Amino acid sequence: MKVLIVGGGGREHAIANSVAKSDKVDKIYCAPGNAGIGQIATLVPIGPMEFEKIVDFAKTEKIDLVIVGMDDPLVGGLVDELEKEGIRTFGPRKNAAIIEGSKAFAKDLMKKYNIPTCGYEKFTDATSALEFLKTSKYPTVLKADGLALGKGVLICNSFEEAKAGVEEIMVDKKFGASGNTMVVEEFITGREVSVLSFVDGKTIKTMTSAQDHKRAGDGDTGLNTGGMGTFSPSPFYTKEVEDFCNKYVYQATVDAMKSEGREFKGIIFFGLMLTADGPKVLEYNARFGDPEAQVVLPRMKNDLIEVIEACIDGNLDKIDLQFEDNAAVCVVLASKGYPVKYEKGIPITGFEEFDKHEGYYCFHAGTVERDGQILTNGGRVLGITAKGDTLKEARANAYKATEWIHFENKYMRNDIGKAIEEA
Ligand code: GLY
C-alpha cells in the first residue's frame, strides 16, 4: 500500500513512524514533511493547502490512502476534494471538521446535546459584544471563532482588557476572518486532559490520555505556544472521569454530529478540563494533538493502518484498541525566542544516540536537511519522547535524551510532567 501523509510537524512524524511499522505499507510519502520524516518517507514539496496539487499527486502516484494530519486542510475541505476523485482518505470532511473550525459551532452543538461545557455567548458585532462584556464576571475568555494557529484565545481580567481584546479580534482582525464571530466564555479552572479518539461515524474508541503544556516557560508562565511537552497517561484521568465522559461526552458528541448530518470519521481530540463541578469540554479538535500524538502513538499496540481503515470502512467496533501498560513523556526542544522571534538554519547534532536506545524517539517538528546536514527550521524543532515503566521513569528518560541533542539556542521547559510528582 502507498500512503501519503499531509503535514510536516512532530505529529506527522509520529504518524509516519507508526505507519512505517505496518506490514500493509510499502511506501510512504509526506507533503511537505520535514528532515526526520524524510528518513522514512519520500518528501513531496507540496504545501498542505495546495489541494489541487495534492489531489493530482495522489492520482498520478496511485496513492492508496491519504492521512490528513493538520487542522487547516481538514477545515478547508481537503478530504472532500480527495474523495471526489475516489481517493481513500482518513480525516473528517469539511462539514464535520467544523467541530474544530468554528468554536461557535462546537459550543452550540454541546449546548443543544447537553454535553458538559462552560457557559458562553457568541457575537458577530463588536458593539453587542462590548455591551455584554460591561456586565460580565471577570476573568472571562474571548475566543476568535475560527482557526487562529492556537492564538485566538484571550483571558481578560477586567472590562478594559476585554475591550482591548474585542478590538484585536473583531475590529483589527488580528486573527483574520477567524474574528468575524467571537465567543465569550465563562472562565473555568482545573486540570486539563487531552483525550484523542478514533471515530468511524458511529463508533468511538478513545485512546490513552495525555496532558499538554502550552505555555512557553516553566511553571506555566510566558506566552502560549503550540505545546512545549506532554505526558501520557494522565494520572488525573481517573476511572471515574473516564466513566463520566463515556456517559456524557464521547458517544454523545459522535451521535450529535450524526444527528446534525455531519457524520464524523477521523480523530476527535477532546480538550477536557476537570473542574470542581466535574469534567467539561473546553474544545474539540478534528485531528491528533501535537505534541500529544508523540506520546500516545508510540504506546499504541495496534497497527495504525488497520485502525484507520476500520474508521473509513465503518468497522471500528471490530477493533480492540490497546495501549502498552507504561508511560511516555515528550519534551519539546525549541529555538530560543519561540514563540515570538527565533533563528532558523542552525545545525543540529546527536541524532545517532536514538538508534542505540530502544523506547526513545526523536520526532522532528521544525527541521530541514541541506547538503546532508540537519538544520533548525522552526520554533518547535524536535520532540524528544521516551517511554518508561512509570511516568516518573519516562520523565527521567526523556530529559536524559534531551542531552543527546545539540544545537545553538536550544530551549526547553524543565518541568514537563512535573505534575506527576504532585499527583
Ligand atoms: N496540543 C494541542 C493541540 O494539538 O491543539
Side-chain angles (χ1 to χ4, degrees), residues 5-15 34 48 67-75 91-92 97-103 106 141 143-153 175 178 191-199 206-217 220 222-234 236-237 253 266-274 281-299 328-334 338-339 363-366 378-385 398 412-413 415-417 419:
I5 299 167
V6 178
R11 165 185 45 218
E12 285 74 27
H13 195 180
I15 294 171
N34 59 38
I67 302 171
V68 185
M70 295 174 69
D71 46 4
D72 282 302
L74 288 169
V75 170
I98 192 173
I99 202 171
E100 172 165 8
S102 166
K103 296 190 174 64
V141 184
K143 291 184 170 176
D145 181 51
L147 296 180
L149 300 168
K151 295 195 179 94
V153 178
F175 309 106
S178 280
R191 185 76 64 179
E192 282 188 47
V193 179
S194 304
V195 177
L196 316 180
S197 63
F198 291 100
V199 182
T206 53
M207 301 180 221
T208 181
S209 61
Q211 186 183 315
D212 192 7
H213 297 63
K214 290 209 176 75
R215 300 291 202 96
D220 287 332
L223 294 172
N224 255 333
T225 70
M228 291 300 293
T230 181
F231 60 83
S232 171
S234 163
F236 308 102
Y237 187 68
T253 300
I267 303 290
I268 300 183
F269 166 151
F270 297 85
L272 302 173
M273 184 168 270
L274 311 182
V281 179
L282 271 188
E283 62 171 8
Y284 293 119
N285 293 313
R287 42 146 184 104
F288 282 105
D290 193 1
E292 285 90 337
Q294 300 178 49
V295 285
V296 168
L297 286 174
R299 298 184 53 229
V329 171
C330 169
V331 180
V332 169
L333 299 185
Y338 172 72
F363 294 120
H364 290 226
R380 290 194 292 179
V381 178
L382 301 166
I384 305 300
T385 294
M412 65 184 160
R413 272 182 65 161
D415 63 346
I416 303 302

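Every heavy atom of this structure was used, including side-chain atoms; hydrogens, water molecules and symmetry mates were not. One-based numbering, in listed order, for ligands and for the atoms of each. Please read all numbers here as calculations on a predicted model, not as lab measurements.
Residue D212 has at least one heavy-atom neighbour below 4.0 Å for each of these atoms of ligand 1: 1 (N), 2 (C). Of all atoms in ligand 1, listed by their number and element, those nearer than 4.0 Å to a heavy atom of E292 are 1 (N), 2 (C), 4 (O). Every atom of ligand 1 with a heavy atom of N285 under 4.0 Å away is listed here by number and element: 5 (O).
Under the 4.5 Å side-chain criterion, counting only non-hydrogen atoms from C-beta, F269 is not in contact with E100.
S194 places no side-chain N or O within 3.5 Å of a backbone atom of Q211 that could act as its donor or acceptor partner.
One finds the CG atom of L297 at 8.0 Å from the CG atom of L196 (value rounded to the nearest 0.5 Å). From L147, atom CG reaches atom CG of D71 across 5.0 Å, with rounding to the nearest 0.5 Å.
Donor-acceptor pairing under 3.5 Å is recorded for the side chains of S102 and D145.
Ligand 1 does not have F288 within reach: every non-hydrogen atom of the residue lies 4.0 Å or more from it. Distances shorter than 4.0 angstrom occur between a heavy atom of G289 and an atom of ligand 1.
Figure legend: cation-pi geometry between R191 and F236, with NZ or CZ positioned under 6.0 Å from the six-membered ring centre and within 45° of its axis.
Nearest protein heavy-atom contact of atom 5 (O) of ligand 1 is R287 NH2, 2.9 Å.
Residue E283 has no N or O atom closer than 3.5 Å to an N or O atom of ligand 1.
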